[in-house]
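Along the sequence shown, the residues carry numbers beginning at 1.
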Amino acid sequence: MGLLLSYKKYSAPFVTEKIDVIALIVAVVGWFILLNNMLIPLISPMISITLGLFMVAMVFGMRPGYGRYETVIGVIISGAVYLLTSIL
């Protein structure tokens, strides 16, 4: 699904290093749900992990070259939240 959406959005191969805001939001939310699903007690962990994996896969499965920066930023932000919540 991510590949289809990125081919519709980007007609050229990866030539710029701009960050896609929508992909960044999806990546951050997906990684947050995936790594910090215990912070969301209202949703079953199985459902939240599945939803997080789906969102991460959409960004990770984009056209070659796209989605790399968004994925790294999402991992860093959600990893920092995970470390902060597990320490405190």
Side-chain angles (χ1 to χ4, degrees):
M1 184 165 207
L3 185 62
L4 178 66
L5 292 174
S6 66
Y7 269 108
K8 286 184 179 181
K9 186 171 184 174
Y10 305 109
S11 59
F14 186 70
V15 291
T16 62
E17 295 184 3
K18 295 189 322 186
I19 293 179
D20 183 10
V21 176
I22 296 173
L24 179 64
I25 292 170
V26 171
V28 169
V29 170
W31 280 107
F32 180 81
I33 292 173
L34 187 62
L35 293 179
N36 300 299
N37 59 13
M38 65 282 199
L39 297 177
I40 310 170
L42 299 175
I43 302 173
S44 167
M46 187 183 329
I47 294 172
S48 62
I49 290 172
T50 304
L51 182 64
L53 279 175
F54 176 74
M55 294 173 83
V56 167
M58 277 185 56
V59 176
F60 197 65
M62 290 175 73
R63 189 174 181 163
Y66 293 99
R68 295 181 302 179
Y69 301 119
E70 293 86 352
T71 301
V72 169
I73 292 170
V75 168
I76 290 171
I77 291 173
S78 62
V81 171
Y82 175 77
L83 289 175
L84 289 175
T85 57
S86 65
I87 292 172
L88 302 176

With a 4.5 Å heavy-atom cut-off, do W31 and E70 have their side chains touching? no
Which residues satisfy the side chain to side chain contact (heavy atoms under 4.5 Å, CB included) test with [X], sequence neighbours excluded?
X	result
I77	V28, I73
F60	T71
V81	F32, N36, L39, T85

L53 CG: over 12 foreign heavy atoms closer than 6.0 Å: yes
Quick one: do M55 and V59 end up in the same hydrophobic cluster if we chain Ile, Leu, Val, Met, Phe, Trp and Tyr together by side-chain heavy atoms under 4.5 Å apart? yes
Would you compute the distance between atom CZ of F54 and atom CG of L34 and round it to the nearest 0.5 angstrom? 14.0 Å
Please output the side-chain donor-acceptor pairs of residues 45-52 that fall under 3.5 Å, not counting sequence neighbours, one pair per line with the distance.
from, atom 1, to, atom 2, distance (Å)
S48, OG, S44, O, 3.4
S48, OG, P45, O, 3.1
T50, OG1, M46, O, 2.7

Just to verify, which of V56, I43, I40 counts as forming a side-chain contact (heavy atoms from CB on, under 4.5 Å) with I33? I40
